[in-house]
Amino acid sequence: MFIVMYSVTGHAQEADSSNESALLGALLQADPAQAQRLERQLQALWDKSGSASADLLLERGRDALEAGDTHAAIEHLTALTDHAPDFAEGWHARASVFFGMERYGLALADLEHALTLNPNNYDAIYGLGLIFEALERPEQAYEAYSRALAIHPHHEEVTKAVNRLKPQIAGKAL
């Protein structure tokens, strides 16, 4: 077991890097620098499928996406979701590819599946917000972004999105 030490408001706190609840709790109280470290630890935890072949498919899918080969990325990530349907990050990664292709319905379906498996994935929730914005549904986007900030208060992109949408929905019921 690997223990991470950091200080929050002057008190020493410990978070087991394999304990999602502890990391998420620490994230709520962290300063921005600590939040970045905790974010990396959470992503590393969420990237662990428990299967070497699933991990390889995730890596190949992400590499293909980075190389701009969306067809190969979809193939690898679909193989991943077929091979490991309970691995939330596979659904999240494929949703990212679909979003980049402007296939919002498919992206939304994959994000919903990912969030069923891991409701704390603030990046997947942020992705929902991006889709709602692309579909010109600012109230739903704002709601998604607010939900993501409730989990990760220092997420820079989400904070920018909330600030961008706030004037549009000011005075409207959220």
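Computed from a prediction, not measured in an experiment: that's the story for all the values here.
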Following the transitive rule for hydrophobic clusters with a side-chain heavy-atom cut-off under 4.5 Å over Ile, Leu, Val, Met, Phe, Trp and Tyr, establish whether [X] and [Y] coincide in one cluster.
| X | Y | result |
| --- | --- | --- |
| L45 | I151 | yes |
| L56 | V97 | no |
| V158 | L108 | yes |
| L135 | L106 | no |

[atom2] on [Y] to [atom1] on [X], rounded to 0.5 Å:
| X | Y | atom1 | atom2 | value |
| --- | --- | --- | --- | --- |
| L128 | F99 | CG | CZ | 10.5 Å |
| K160 | L165 | NZ | CG | 14.0 Å |
| E143 | F132 | CD | CZ | 8.0 Å |
| I125 | N120 | CD1 | CG | 7.0 Å |
| D31 | R37 | CG | CZ | 7.0 Å |
| L23 | L42 | CG | CG | 4.5 Å |

Mind listing the closest non-hydrogen atom pair of [X] and [Y] along with its distance?
| X | Y | value |
| --- | --- | --- |
| H113 | P85 | NE2-O, 3.6 Å |
| R147 | P119 | NH2-O, 3.8 Å |
| L111 | H92 | CD2-CD2, 3.7 Å |
| L115 | A124 | CD2-CB, 3.7 Å |
| L117 | A88 | CB-CB, 3.6 Å |
| G129 | A141 | O-CB, 3.3 Å |

Does any N or O in the side chain of H154 come within less than 3.5 Å of the main-chain N or O of A30, such that one atom is a donor and the other an acceptor? yes

Has the side chain of W91 got a donor or acceptor atom that lies under 3.5 Å from a matching backbone atom of T116? no

Residues 97-110 vs salt bridge (charged side-chain N to carboxylate O under 4.0 Å, His left out), sequence neighbours excluded, gives R94-D110

State whether R60 and E75 are salt-bridged, where the test is any N-O pair (Lys NZ or Arg NE/NH1/NH2 against Asp/Glu carboxylate O) under 4.0 Å. no

Between E59 and R62 (salt bridge meaning N to carboxylate O under 4.0 Å), is one present in this structure? no

Is there a side chain to side chain contact (heavy atoms under 4.5 Å, CB included) between E156 and T159? Walk through the geometry before answering. CA-CA 5 Å; E156 288 181 34; T159 300; 5.7 Å; no

Flag side-chain contact, heavy atom, 4.5 Å: [X] against [Y]:
| X | Y | value |
| --- | --- | --- |
| L77 | L57 | no |
| I74 | F98 | yes |
| E89 | N121 | yes |

From the options N118, L58, T81, select the one residue that forms a side-chain contact (heavy atoms from CB on, under 4.5 Å) with F87. L58

Classify the side-chain pair [X]/[Y] by whether it contains a donor and acceptor separated by less than 3.5 Å.
| X | Y | result |
| --- | --- | --- |
| E133 | Y145 | yes |
| W46 | E20 | yes |
| S51 | S49 | no |

For L28, all residues meeting side-chain contact (heavy atoms from CB on, under 4.5 Å), sequence neighbours excluded: P153

Students often mix this up, so state it plainly: with edges at 30° and 60°, are the rings of H155 and Y122 parallel, tilted or perpendicular? perpendicular

Looking at Q43, I'd like to know if its CD atom is crowded, meaning that more than 12 non-hydrogen atoms belonging to other residues, nucleotides or ligands lie closer than 6.0 Å. yes

